[in-house]
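The structure under discussion appears below in the form of structure tokens.
From a predicted model like this one, the values you see are computed outputs, not experimental measurements. A, B, ... follow the sequence lines: proteins, then strands. Residue 1 opens every chain.
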Amino acid sequence: MIDKFVRSIAEAIGAVADGATILVGGFGSVGQPNALIEGLIEQGAKNLTVVANNAGTGHTGLAKLMELGRVRRILCSFPRSAGSVVFEELYRAGKIELEIVPQGTLAERLRAAGAGIPAFFTPTAVGTRLAEGKEEREFDGRRYVMETALPGDLALIEAWRADRLGNLTYRESGRNFNPVMAMAGKVAVVQSQHIAEAGEIDPETIITPGIFVDRVVHLPYGDLAA
Amino acid sequence: MIDKFVRSIAEAIGAVADGATILVGGFGSVGQPNALIEGLIEQGAKNLTVVANNAGTGHTGLAKLMELGRVRRILCSFPRSAGSVVFEELYRAGKIELEIVPQGTLAERLRAAGAGIPAFFTPTAVGTRLAEGKEEREFDGRRYVMETALPGDLALIEAWRADRLGNLTYRESGRNFNPVMAMAGKVAVVQSQHIAEAGEIDPETIITPGIFVDRVVHLPYGDLAA
Amino acid sequence: MSEASYTPLTRPKMAARVARDVEEGWYVNLGIGIPTLIADQVGDREVIFHSENGLLGMGPAPAPDKIDPWLINAGKQHVTLNKGGSFFHHADSFAMIRGGHLDLCVLGAFEVASNGDIANWATAVDDSAPAVGGAMDLAVGAARVWVVMEHLTKEGKPRLVKSCSYPLTALGVVQRIYTNLAVIDVTSRGFVLRETVPGLSLSDLQAITGAPLLVEENSHG
Amino acid sequence: MSEASYTPLTRPKMAARVARDVEEGWYVNLGIGIPTLIADQVGDREVIFHSENGLLGMGPAPAPDKIDPWLINAGKQHVTLNKGGSFFHHADSFAMIRGGHLDLCVLGAFEVASNGDIANWATAVDDSAPAVGGAMDLAVGAARVWVVMEHLTKEGKPRLVKSCSYPLTALGVVQRIYTNLAVIDVTSRGFVLRETVPGLSLSDLQAITGAPLLVEENSHG
């Protein structure tokens with residue numbers, strides 16, 4: 001019988017090589033796989049590339065991973081926000097590389113990686129400094145830049161509900177980047193608030209089918225809305 | 001108040017210009033907008049380009065539209081199937097143009113059109129006669145062909161449930177091409193088996209948000225499974 | 001030519017002025033800042049608000065005791081979902097944006113040029129780590145891109161210019177600008193003045209605008 | 001060297017032979033024809049079957065009185081959905097395929113070349129309107145592509161060849177071939193024979209195979 005549930009965060013994270021690319025779900029504080037990020041901190045891999053919408057806040061989670069000097073490079077759309085103190089200090093000190101990616105391009109590059117599309121054209125960023133060095137091309141008289149797929153070695157996902165097959169649902173704006181990152185990660189691991197029996201989630205409502213998911217750890221740290 | 005419901009098939013179809021490109025949902029007989037196809041037949045537009053997975057069977061629906069000489073060109077992945085007699089006769093007689101598109105490339109070209117992506121690269125069809133004349137390019141040592149977006153002037157969609165805002169759900173394998181065609185159509189019109197009040201469909205389970213939908217006609221021609 | 005002879009619009013009034021032009025049935029994305037205020041000003045018209053983090057049908061802020069921590073907008077503020085709203089993931093959300101499905105996007109800006117270029121993400125060329133978010137996608141994707149901003153910077157420099165000095169967000173996309181002093185269309189001929197606050201003359205406005213303001217014959221100046 | 005000295009596998013036995021190599025937990029897409037028969041042969045192993053028209057967790061055909069007309073597979077046959085199955089649209093379905101998420105795809109074929117090229121969609125170069133369906137996507141996308149087919153055509157010609165004569169479906173993708181006579185791996189050195197039906201010698205098999213068959217030292221011939 002297939003059973004993607006594992007008993008610990010460490011087991012979920014598994015082996016992560018130095019230099020790996022880690023995709024981290026979430027937008028703002030919603031849908032962030034905080035426990036898995038802690039697990040990655042524990043695990044110890046370094047020289048990481050992190051792909052996330054934001055560059056962490058305060059001194060926990062992503063910010064802590066960066067503060068520990070474990071992140072060589074970060075790709076995100078919104079690095080600077082209230083509380084992104086660790087990132088900003090590292091960046092000013094030249095201790096972390098940054099690639100700013102427009103939010104829609106970030107989402108599409110992740111989906112492309114998951115969908116076997118190595119590159120695509122987008123009108124976003126044409127003529128701006130984020131298009132510098134990128135191939136440009138016209139279609140029907142409009143200018144586009146070419147963007148490439150952004151795959152990850154490991155995707156850290158937060159879900160609302162999961163079953164042993166790895167089928168996932170999310171909650172409200174907690175969905176955000178999680179489904180495309182689950183697709184784009186060579187290995188996708190999930191922390192889920194709730195668990196369900198196989199067949200309990202209506203097959204019409206599964207957002208991430210289990211084919212994209214490798215391991216799930218049940219972390220009922222509380223229904224924040226309850 | 002927004003109300004995308006219309007009272008008749010004719011109203012749903014609206015004005016269709018000669019030479020228009022029509023996207024027709026469905027895979028096999030499931031999820032096919034049969035009533036809307038009839039409406040298009042009634043409406044009278046000719047010299048049409050049709051995009052559909054199959055090229056019609058028997059002498060009804062798409063086959064009838066073709067038999068009436070209204071289709072100049074068809075793009076599909078599976079033109080020849082049991083009962084595709086009308087298409088085959090027209091094709092042999094040189095009275096219809098055919099572009100065969102691999103099924104996954106067809107789906108992706110439609111999604112691209114809906115997502116503002118003018119072109120993308122895919123490994124599908126590399127080195128085959130379906131890639132003849134197409135731009136080829138290597139990424140990381142693997143060969144890919146470039147495919148372009150496939151937008152439609154009008155998308156004909158079959159849904160299971162719809163509300164006045166045009167939010168849709170589908171039923172089982174009736175989903176197929178319908179969601180990507182709704183995205184890719186400049187105008188998307190829907191025949192829906194069931195209707196719901198706004199807010200009645202769980203917002204987590206809406207497959208096609210109303211932003212992609214223009215008009216909906218309620219056609220309770222029977223829950224086939226009941 | 002006295003400044004006292006006219007009253008600039010307050011931020012809520014600017015938002016209200018934009019809201020007047022928003023039509024029922026439109027799908028609209030509102031940027032952070034003044035644009036956010038527009039949602040409360042559309043009155044009885046049913047307008048569907050999109051938030052790029054995966055919401056359609058975004059409603060107003062909840063009462064403090066009704067906050068749902070899972071429901072935030074792109075500005076990370078707590079919001080609600082109206083009946084008939086929906087949730088989707090980021091790639092689908094930006095498919096809506098990039099695919100031209102939004103009827104309108106209203107953005108704030110540092111500068112708009114008379115050719116429609118907009119600069120609204122990086123405050124300086126040497127800003128080392130500016131946050132672009134969804135601004136570039138929204139600016140190129142929506143069917144209509146309107147900007148709402150103060151007519152002048154805090155230092156008194158024009159924000160409507162011949163050519164942007166800040167790093168660009170997108171080229172030639174802005175169609176209309178609402179400031180605290182005027183409504184200006186961006187046309188193939190450049191800025192066309194549509195209206196001003198009462199008491200403000202064209203010449204006074206031109207003096208604080210960085211590019212020529214045209215007036216069409218049937219304009220309601 | 002008599003044909004009577006060995007018994008070719010029947011179609012169900014060919015399917016059963018393939019099924020033996022399918023591992024629990026794999027996500028598998030089965031082509032039309034013999035591959036379809038594999039699903040019933042995996043026994044107790046939990047294997048998740050994908051159908052390109054938007055199903056994961058496809059189950060067996062329903063009893064005639066339990067047919068659900070909305071639930072068909074890519075071959076347009078009525079099927080069921082196992083517990084834990086899911087529905088999705090065509091672009092998501094082919095994202096699974098093209099994105100390399102399927103562990104295995106088993107296809108029928110007209111011909112397979114010793115470099116892994118497969119021809120399985122158009123029966124002749126001058127076939128004017130062949131139906132490709134999802135064959136080209138499946139052939140390039142799955143992590144493993146296996147072919148199950150008769151060793152010879154009805155006319156007695158080899159289907160394992162040096163170079164395909166039929167229009168190609170994909171280049172260099174086939175990893176293993178199951179015929180009614182043998183199991184053959186496709187390697188960088190060409191066809192490597194893994195096993196034959198009892199009583200069939202390598203030389204007899206080579207005589208009806210269109211490209212050299214290698215045998216590795218530790219092969220179970």
Side-chain angles (χ1 to χ4, degrees), chain B residues 25 27-31 53-55 76-82 84 87-88 91-92 96 98 100-112 114-115 122-131 142-144 160 170-181 183 207-208 223-225, chain D residues 51-55 58 66-81 85-100 117-123 125 127-141 164 166-173:
Chain B
F27 181 88
S29 61
V30 181
N53 190 62
N54 305 94
C76 59
S77 87
F78 216 81
R80 183 175 295 166
S81 53
S84 60
F87 165 75
E88 289 187 52
Y91 188 75
R92 269 195 305 269
I96 195 166
L98 170 68
I100 301 172
V101 185
Q103 202 169 127
T105 299
L106 186 63
E108 192 68 12
R109 290 179 65 190
L110 290 160
R111 181 193 174 275
T122 173
T124 302
V126 164
T128 75
R129 65 189 233 216
L130 295 192
R142 191 176 177 194
R143 294 165 64 188
Y144 297 87
W160 183 246
Y170 303 92
R171 179 171 175 144
E172 300 175 349
S173 62
R175 193 180 302 189
N176 58 65
F177 282 96
N178 283 301
V180 287
M181 286 184 169
M183 291 172 71
I207 303 303
T208 295
D223 179 344
L224 295 178
Chain D
S51 188
E52 55 266 39
N53 60 322
L55 318 178
M58 180 171 54
K66 300 282 188 195
I67 284 176
D68 176 349
W70 292 87
L71 190 43
I72 63 169
N73 64 12
K76 278 97 174 175
Q77 298 163 309
H78 294 295
V79 293
T80 50
L81 194 78
S86 55
F87 299 112
F88 34 85
H89 61 56
H90 252 83
D92 281 349
S93 183
F94 281 85
M96 293 175 192
I97 294 171
R98 201 190 305 103
D117 288 358
I118 175 173
N120 82 339
W121 71 292
T123 48
V125 175
D127 181 2
S128 57
V132 70
M136 288 187 179
D137 307 278
L138 285 160
V140 299
C164 294
Y166 290 108
L168 291 173
T169 304
L171 307 184
V173 298

ask   = Of the non-hydrogen atoms in Thr105(B) and Arg98(D), which two are nearest, and what is the gap between them?
value = N-NH2, 4.3 Å
query = Do Leu110(B) and His89(D) have side-chain heavy atoms sitting under 4.5 Å apart?
reply = no
side-chain contact (heavy atoms from CB on, under 4.5 Å) assessment of Phe94(D) paired with Thr122(B) = CA-CA 11 Å; Phe94(D) 281 85; Thr122(B) 173; over 6 Å; no
query = Between Ser51(D) and chain B, which part of the residue has a heavy atom less than 4.5 Å away: side chain, backbone, both or neither?
reply = neither
key: Straight-line distance of Leu81(D) CG to Ser173(B) OG, nearest 0.5 Å   = 10.0 Å
task = Side-chain contact test, heavy atoms from C-beta onward, threshold under 4.5 Å: evaluate it for Leu171(D) versus Arg143(B) and give yes or no.
result = yes
inquiry  = Is Ala170(D) in contact with chain B via its backbone, its side chain, both, or neither, using a 4.5 Å heavy-atom distance?
reply    = backbone
note = Interface check, chain B: of Ala95(D), Ala119(D), Gly134(D), most non-hydrogen pairs under 4.5 Å belong to Gly134(D)
task = Quick one: pull up CG in Asn53(B) and NE2 in His90(D) and give me the separation to the nearest 0.5 Å.
result = 5.5 Å
note = Honestly, the part of Ala74(D) sitting under 4.5 Å from a heavy atom of chain B is both
key: Full working for side-chain contact (heavy atoms from CB on, under 4.5 Å) between Arg175(B) and Asp92(D)   = CA-CA 11 Å; Arg175(B) 193 180 302 189; Asp92(D) 281 349; over 6 Å; no
key: Between Thr124(B), Ile207(B), Val30(B), Val126(B), the one whose heavy-atom pairs under 4.5 Å with chain D are most numerous   = Thr124(B)
Greatest number of heavy atom pairs closer than 4.5 Å to chain D - which of Ala55(B), Ser84(B), Pro123(B) = Pro123(B)
inquiry  = What's the separation between atom CG in Asp137(D) and atom CG in Leu106(B), rounded to the nearest 0.5 Å?
reply    = 9.5 Å
remark   = The interface call for Leu71(D) against chain B, heavy-atom contacts under 4.5 Å, is both
query = Between Asn54(B) and chain D, which part of the residue has a heavy atom less than 4.5 Å away: side chain, backbone, both or neither?
reply = side chain
Chain D contact via Phe87(B) - side chain, backbone, both or neither, heavy atoms under 4.5 Å = side chain
task = Could you look at Asn73(D) and say if it's the side chain, the backbone, both or neither that has a heavy atom under 4.5 Å from chain B?
result = backbone
ask   = After noting the C-alpha distance and the side-chain angles of Arg142(B) and Val140(D), does the key distance pass the side-chain contact (heavy atoms from CB on, under 4.5 Å) rule?
value = CA-CA 11 Å; Arg142(B) 191 176 177 194; Val140(D) 299; 3.9 Å; yes
key: Minimum side-chain heavy-atom gap Arg129(B)-Pro130(D) below 4.5 Å   = yes
Minimum-distance pair of heavy atoms, taken over all atoms of Pro79(B) and Ala131(D) = CD-CA, 3.8 Å
request  = Take the angle between the ring planes of Trp70(D) and Trp160(B) and call it parallel below 30°, perpendicular above 60°, tilted in between.
outcome  = perpendicular
request  = Enter the distance from Asp68(D):CG to Arg171(B):CZ here, rounded to the nearest 0.5 Å.
outcome  = 5.0 Å
